Every structure is written in C-alpha cells, then in structure tokens.
Amino acid sequence: MVGAVDLLYRALYRFVLSRLPERASIAIGQWGLRHVPLDHLPIFRNDDPRLAITLGGVRLANPLILSSMYYDTAILRRAMGLGWGAVTAKSITPGPRPGHPEPTLVRIETAEGPGLVNCNGFKNPGLEAYRAALAGLPHRVPLIVAAAGEFAEDYVRVVEGLQEFGDLVELNISSPNTKLVYGWSTRPHELKDVFRAVRAATVKPVIVKISPDFRETNEEITIPAALDAGITIVNYGNTRRVDEPRLSQGTGGLSGPAIFATMLENVRRVRARFGDRLELIATGGIDSPERARQALEAGATACGIFTGFITRGPLLVRRILDALQGEKK
Ligand SMILES: Cc1cc2nc3c(=O)[nH]c(=O)nc-3n(C[C@H](O)[C@H](O)[C@H](O)COP(=O)(O)O)c2cc1C
C-alpha cells in the first residue's frame, strides 16, 4: 500500500507538478496540503516507540523534522499528522515582510537529483499577526518556532513573542536570500551577544541554524559562541547561496540532494570536533531512506527535510521511518 501511494505521488510530481510553471505547482501543492485531510490517514505514520529521540530534552516520536518553510498554520496543522517527529514554522521577523518579487522559486535538475532554488526573502506576517495564528494551532507533534532578524533585539523580540507557542526555538542566522540574515556570518563576533540575549530570554531549548557557506566561521566562532552561551543544538543547515538568473534577485538558496554531500561532511566533522557537547540536526538534501541513514550515522541527532518532501512526496517520511525501524530489529 505504501509503495502504491508513493508511486502515485511520484507519477503526479513527474508528469504534472514538475511540468507546470513553479507558481502553479506551488499553488496546487499548498492547496492540497491545506485542504486534503491526508493527516487523518495512518499510512503516513510509523509509531514504533523505538524510533523516539529527545532533542533539547523534548521527546520527538522520531528523528525527522519538517524544516522551516511554511508559515500557514493550516498547512503546519496537516503536516503534524504526516509522520514527522517535529515540525518547524517559517522564520518570523518582528514586522511583516512581503518577501521578494516573483519569481522566488525555481526547480533545478542536478546530477544528484531534483532540487530547488529560492529567494523567498522572508515573506511572513510579522510577530504580532503570527502570535495570533499560532494561538489556534494544536500541537499534535512538537512545534519549532523560528526567528530571523538584523539585530540582537530582533531575535529577542521574536523569541519572547513566539516562545510560548513553540516547544523549541530556532534562530535563523543563515538564509542566503536577504542581507538581513546572511550578513551575520560575515560579522560572527557579534553573534555571541545575540546568543546570550536569546538564551536569557527563554527557557525553551534553542537551536542555531547555520549556513553551509561559512564552514570555518561556523566551526571556529559561531558554534563555540553558541556553546558558551548555553545553546547546545545546531542545525547544519540552511541552503547554499548560488547564482540563479531565473530568480528576481539573480541569486538564491540551493536546496535538495546537490547540497547533501557537503552537509554530510559538515555533520561528521562537527560531531568529531564537538563530541556530545551538542545535538545536531542534519538538514540539506535528505530525500531518501539511505541519505537519512547516512546523516544519522555521521552523527546527526535528527534530520531536517524540506525539498525531499516536495520532490519525493509526503510518503518519504514513512519510507525513511520504515527503513530506520528495520535497522532496529
Ligand atoms: C522556499 C523555501 C523557503 C525556505 N524558508 C526558510 C525559512 O524561512 N527559514 C529557514 O531557516 N530556512 C528556510 N528554508 C531552508 C530549509 O528549511 C532547509 O534548510 C533547506 O531547504 C535545506 O534542506 P532541504 O535540502 O531538505 O530542502 C527554505 C527553503 C525553501 C526551499
């Protein structure tokens, strides 16, 4: 049954969604996620208790996390029933942002498989509106709320405002689509103040999401600063910045399996260097049970996934969990 439904989605993606203009397939995909009650179907889940992990002391039923992209709570609500161990909401800024002009997302075929390049630019409703939206979202699985900003005060404000609605809090200091956030890695010494201020502002476990584009800075400055401030979860990481003339900004963040190999090396190196002082979320190009297994074997505590959910379909989660369960037998 899982195989048949999986094949059906792959056919839908291959012959319909991947052939329509990106804006049309996003509209159809998001309409489906919002309105089709897939979350009522047990086929998407594997509830074997042996798959459970803890992240920052929070129990996740399994190590798969829907990575940050959706802010619509109707979608997040459905996603919570699609097998994930936790779901991440989009990075929120203090004020609303319209995002960059279209086109902001294109598909890309790479040697490693299908990916995306986006220059979304933090389209989001802003802190106050989002607090109201999150207030109505039941937590079927843990929710990770996410903050982005330009100044330490932005992160503190968003974290203070959203923390009551999240089980964990993620600091996005790495999206390549706006100078606002990407710039942090070019002035990493200022991050220690951000980390200290956020750590003091919440008792919730805090995750720092870093960029694959700044390996040395991450490992020499950013991660040690996070650990010094008492932040012990690292999400490695975000998209890789690439030129993409089809996008309105001429550049964007590459996601999908083309960034997997580097992500895997990053996770392996960071685990070897920092040992069990931190918990690690491996995000970037995980789109198969084999890639999830490799990330966990390299030292990841959990796997973040976004692009694979689109290109391989919602049953990817179940297929990965079944494979992980098989290894536990
Ligand atoms: C359209 C789009 C929007 C995204 N928005 C965010 C965001 O708001 N905050 C964030 O931290 N990451 C964001 N990401 C990055 C993903 O969460 C993830 O880190 C990245 O896509 C790499 O994982 P993947 O290869 O599994 O997609 C976005 C990615 C895409 C494709």
Side-chain angles (χ1 to χ4, degrees), residues 22-23 25-26 29-30 64-72 75-76 79 84 86-93 97 99-100 102-108 110 112-126 130 144-149 155 158 162 168-178 180-182 184-185 207-213 234-242 244 247-249 252-264 266-267 281-288 291-292 295 300 302-312 316-317 320:
E22 279 90 348
R23 283 186 78 175
S25 45
I26 293 168
Q30 296 199 356
L64 304 188
I65 299 174
L66 177 63
S67 202
S68 180
M69 145 68 193
Y70 297 117
Y71 62 79
D72 182 337
I75 293 181
L76 294 171
W84 301 102
V87 162
T88 315
K90 187 162 188 68
S91 308
I92 298 298
T93 49
R97 287 176 57 94
H100 290 311
E102 297 291 339
T104 58
L105 183 86
V106 290
R107 288 182 287 258
I108 185 168
T110 67
E112 297 83 0
L116 302 170
V117 187
N118 89 86
C119 66
N120 179 285
F122 293 122
K123 180 175 175 180
N124 82 90
Y130 206 53
I144 302 172
V145 291
Y155 286 90
V158 176
L162 294 186
L168 298 102
V169 171
E170 184 164 272
L171 307 181
N172 178 0
I173 55 161
S174 49
S175 281
N177 302 313
T178 57
L180 161 101
V181 164
Y182 200 58
W184 281 112
S185 296
I207 303 164
V208 176
K209 185 168 182 183
I210 57 179
S211 162
D213 297 342
V234 170
N235 185 343
Y236 211 158
N238 221 305
T239 52
R240 178 199 298 160
R241 189 169 204 263
V242 291
E244 177 45 79
L247 294 174
S248 67
Q249 305 303 297
L254 171 65
S255 58
I259 64 173
F260 176 76
T262 306
M263 183 280 281
L264 198 62
N266 290 340
V267 165
I281 304 171
T283 308
I286 296 175
D287 66 350
S288 68
R291 287 187 166 128
C303 299
I305 299 175
F306 175 69
T307 302
F309 180 63
I310 305 301
T311 57
R312 308 301 186 192
L316 172 65
V317 181
I320 295 175

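All residue numbers in this chain count up from 1 along the given sequence. Quick caveat, the model's predicted, so the values are computed rather than measured. Counting starts at 1 for both ligands and their atoms, in listed order.
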| Closest approach of any protein heavy atom to atom 15 (C) of ligand 1, naming residue and atom | Asn238 OD1, 3.4 Å
| Nearest atoms (heavy-atom pairs only) where Gly284 meets Ile259 | CA-CD1, 3.6 Å
| query | Among protein heavy atoms, which lies nearest atom 18 (C) of ligand 1, and at what distance? | reply | Ser67 OG, 3.5 Å
| message | Tell me the protein heavy atom at minimum distance from atom 28 (C) of ligand 1, and give that distance in Å. | response | Ser68 O, 3.5 Å
| field | Polar side-chain atom of Asp213 near backbone of Arg241 as donor-acceptor pair, under 3.5 Å | value | yes
| message | Between His100 and Asn177 (side chain of the first, backbone of the second, donor and acceptor by atom type, cut-off under 3.5 Å), is there such a pair? | response | yes
| message | With respect to Leu105, determine whether any N or O atom, backbone or side chain, lies less than 3.5 Å from an N or O atom of ligand 1. | response | no
| message | In the structure I gave you, are the side-chain heavy atoms of Arg291 and Glu112 within less than 4.5 Å of one another anywhere? | response | yes
| said: Students should be able to answer this: which protein heavy-atom is nearest to atom 20 (C) of ligand 1, and at what distance? | reply: Thr239 CG2, 3.6 Å
| Polar contact flag for Lys90 and ligand 1 (N/O pairs, less than 3.5 Å) | yes
| request: Could you list which atoms of ligand 1 come closer than 4.0 Å to a heavy atom of Gly284? | output: 22 (C), 23 (O), 25 (O)
| field | Nearest heavy atoms of Tyr130 and Tyr71, plus distance in Å | value | OH-O, 2.8 Å
| query | Does a donor on one side chain sit under 3.5 Å from an acceptor on the other, for Asp287 and Thr307? | reply | no
| Any idea which atoms of ligand 1 are less than 4.0 Å away from a heavy-atom of Ile305? | 26 (O)
| said: Could you check whether any heavy atom of Gly115 sits closer than 4.0 Å to an atom of ligand 1, since that is the contact criterion I want to use? | reply: no
| remark: Tightest non-hydrogen contact, residues Asn172 and Ser91, listed as ND2-OG, 3.0 Å
| task | Report the part of Asn118 (side chain from C-beta onward, or backbone N, CA, C, O) that has a heavy atom under 4.0 Å from ligand 1; answer both or neither where that applies. | result | side chain
| Among Arg291, Lys209, Met69, closest by any non-hydrogen atom to atom 12 (N) of ligand 1 | Lys209
| message | So for ligand 1, is Ile286 a polar contact partner (N or O within less than 3.5 Å, distance only)? | response | no
| message | Using a 3.5 Å cut-off on N or O atoms only, is Thr307 in polar contact with ligand 1? | response | yes
| atom 21 (O) of ligand 1 [closest protein heavy-atom partner, distance rounded to 0.1 Å] | Ser255 CB, 3.2 Å
| query | With a 4.5 Å heavy-atom cut-off, do Val106 and Leu247 have their side chains touching? | reply | yes
| Row check, Phe122 ring normal vs Arg97 NZ/CZ: under 6.0 Å, within 45° | no
| note | Taking only non-hydrogen atoms of Gly237 and a 4.0 Å limit, the atoms of ligand 1 in range are 19 (O)
| field | Element-labelled atoms of ligand 1 that are located less than 4.0 Å from some non-hydrogen atom of Gly256 | value | 25 (O)
| Given that the side chain starts at C-beta and the backbone is N, CA, C, O, which of these parts of Asn172 lies under 4.0 Å from ligand 1, counting heavy atoms, or is it both or neither? | side chain
| Can you name the nearest heavy-atom pair linking Gly304 to Thr283, along with the distance? | CA-OG1, 3.4 Å
| task | Scan side-chain atoms only and decide if Gln30 and Asp72 contain a donor-acceptor pair under the 3.5 Å cut-off. | result | no
| task | Scan Ser255, Ser174, Ser67 and name whichever one has a side-chain contact (heavy atoms from CB on, under 4.5 Å) with Thr239. | result | Ser255
| field | Residue and atom name of the nearest protein heavy atom (relative to atom 26 (O) of ligand 1), distance in Å to one decimal | value | Phe306 N, 2.9 Å
| Atoms of ligand 1 less than 4.0 Å from Gly285 heavy atoms? | 24 (P), 25 (O), 26 (O)
| request: Would you check the N or O atoms of Ser91, main chain and side chain alike, for any that come under 3.5 Å of an N or O of ligand 1? | output: yes
| task | Write down the atom of Glu170, the atom of Ser68, and the distance for their closest heavy-atom approach. | result | OE2-CB, 4.3 Å
| message | I need the nearest protein heavy-atom contact for atom 23 (O) of ligand 1: residue, atom name and distance, please. | response | Thr283 CG2, 3.4 Å
| Can you find a non-hydrogen atom of Ala146 under 4.0 Å from ligand 1? | no
